[in-house]
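Each remark here refers to the structure printed beneath this line.
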Amino acid sequence: MKLEQILYPENVDLARRVQVHLLKKLKLRPLTESPRLLAAVDAAFTEELVLAAVCLFSFPELELLEEQTGIEPVRFPYIPGFLSFREGPAIYHTLQKLSRKPDLLLVDGQGIAHPRRLGIATFLGIILDTPSVGCAKSHLVGEFRMPARSGGSCCRLTHRGQLVGYVLRSRTAVRPIFVSPGHLVSPRDALNLVRKGLRGFRVPEPLRRAHHLTQNLKLSPPGNKPCRNKNSGHN
DNA sequence: GCGACAG
DNA sequence: ATCTTGTCGC
């Protein structure tokens, strides 16, 4: 199947077929080696644009190594279960701008905790053939017990009799986050990796950075580059 | 038919 | 996600 038809299906039915197609390629297995380069991705929106941001970090130190952004017109509506067709293309093309290929993708959204096991983390992991982890701020599918009130507690997230991730209370008294494996990792890997990235916040540090970058992009879009010789005081 | 429903 | 002001609490 061509990349063009995977990224830009013309309607929801075709999008569903893309998901069913990609599912055949899904592989979940424990990581052999710890990742060294983690890329956190996020997207923001205006009425007509998708603004993507990618932040590359060393792992597990989490030192920022590189940032990239990209903008595309909105081509797909937001429909629960089809988020990857709204945000995916812009994020995909922005990831291609990185000077180095990441060992792990940390995505703002679900992995296999999805009606068809194809959340955006799984989608990106498969088309880029890279291990990925989904970290969503709210529930999409699956059954779970609410984790205890204290930070660090977590419960399994199951769907149709399968373990699809964990519900994690990253900090005391905050709403839990939903962690699920995307591609080429195990549910436990996903949980462990997200925990290492928390740094005391509700959402992993790398994703916060990506989110901020996305918001800044909306405020200072490229093309609005300040011209030299205009009130710069040195001419 | 009813309720749920990532970002 | 985005819109959108003040306000409750540590």
Side-chain angles (χ1 to χ4, degrees), chain A residues 7 9 12 15-16 18-19 22-23 26 40-55 69-92 94-95 105-127 132-144 146 149-151 157-160 162 164-168 170-183 187 190-191 194 200-204 206-219 221:
Chain A
L7 293 178
V12 188
R16 182 179 287 99
V18 169
Q19 294 180 329
L22 292 181
L23 181 58
L26 172 61
V41 306
D42 192 19
F45 297 85
T46 66
E47 286 203 341
E48 63 275 345
L49 302 174
V50 185
L51 309 141
V54 172
C55 298
T69 60
I71 302 179
E72 287 192 16
V74 168
R75 298 190 41 166
F76 206 89
Y78 169 66
I79 300 172
F82 298 89
L83 178 64
S84 53
F85 302 99
R86 184 170 173 79
E87 303 191 344
I91 292 175
Y92 172 82
T94 304
L95 276 165
L105 304 179
L106 186 55
V107 186
D108 191 337
Q110 311 285 356
I112 65 170
H114 177 280
R116 291 167 294 282
R117 302 286 180 273
L118 238 105
I120 189 169
T122 302
F123 179 88
L124 291 171
I126 290 177
I127 66 179
S132 62
V133 169
C135 184
K137 294 180 292 299
S138 62
H139 173 254
L140 177 60
V141 298
E143 307 89 50
F144 61 98
M146 196 55 80
R149 187 173 190 282
S150 66
L157 176 64
T158 59
H159 182 54
R160 298 178 189 171
Q162 183 190 357
V164 294
Y166 293 89
V167 183
L168 172 65
S170 46
R171 298 181 61 182
T172 298
V174 301
R175 285 178 305 155
I177 57 177
F178 297 75
V179 180
S180 59
H183 185 48
L191 181 60
V194 165
F201 293 103
R202 182 185 171 228
V203 163
L207 279 181
R208 302 189 75 220
R209 179 83 196 196
H211 182 70
H212 292 154
L213 184 49
T214 216
Q215 297 302 306
N216 293 332
L217 185 56
K218 283 182 69 172
L219 301 179

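Quick note on labels: first sequence line is chain A, next is B, and so on, each numbered from 1. Here the structure is a predicted model, which means the values were calculated and not measured.
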Separation of dG7(B) atom P from His139(A) atom NE2, nearest Å, is 12 Å
Between CD of Glu87(A) and P of dA1(C) the distance, given in whole Å, is 9 Å
The side-chain contact (heavy atoms from CB on, under 4.5 Å) partner of Phe82(A) among Val18(A), Val12(A), Ile120(A) is Val12(A)
- Query: Across the strands shown, which category fits His114(A) at heavy-atom distances under 4.0 angstrom: base, sugar-phosphate, nothing?
  - Reply: base
In whole angstroms, the gap separating C1' of dA4(B) from CZ of Phe178(A) amounts to 13 Å
Taken to the nearest whole Å, CG/Leu140(A) to C1'/dG7(B) is 10 Å
Any base atoms under 4.0 Å from Gly81(A), or only sugar-phosphate, or nothing? Heavy atoms, all strands.
base
Value for CZ (Phe45(A)) from CD (Glu87(A)), rounded to nearest 0.5 Å, stands at 4.0 Å
Handout entry: Salt bridge present between Asp108(A) and Lys137(A) (N-O < 4.0 angstrom)
Key = yes
Ile79(A) CD1 to dA1(C) P, in whole Å, measures 18 Å
Rounded to whole Å, the CZ-P distance (Phe82(A) to dA6(B)) equals 13 Å
note: Phe76(A), atom CZ; dA1(C), atom P; distance rounded to Å ~ 19 Å
From CG of Asp108(A) across to C1' of dA1(C) the rounded distance in Å is 10 Å
Near-parallel close stack of Tyr78(A) and dA1(C) base (under 5.5 Å, under 30°):
no
For this session: Check whether any side-chain nitrogen or oxygen of Thr46(A) sits under 4.0 Å from OP1 or OP2 of dT2(C), and answer yes or no.
Result: no
Aromatic contact, Tyr92(A) with Phe123(A) (centres under 6.0 Å): no
- Query: OP1 or OP2 of dT2(C) sitting under 4.0 Å from any side-chain N/O of Gln215(A)?
  - Reply: yes
Would you say Lys137(A) places a side-chain N or O within less than 4.0 Å of OP1 or OP2 belonging to dG7(B)? yes
All heavy atoms of Val50(A) vs all of Ala90(A), minimum pair found to be CG1-CB, 3.7 Å
> Contact class for Ala44(A) vs. all strands (heavy atom < 4.0 Å): base, sugar-phosphate, or nothing?
Replying inline: sugar-phosphate
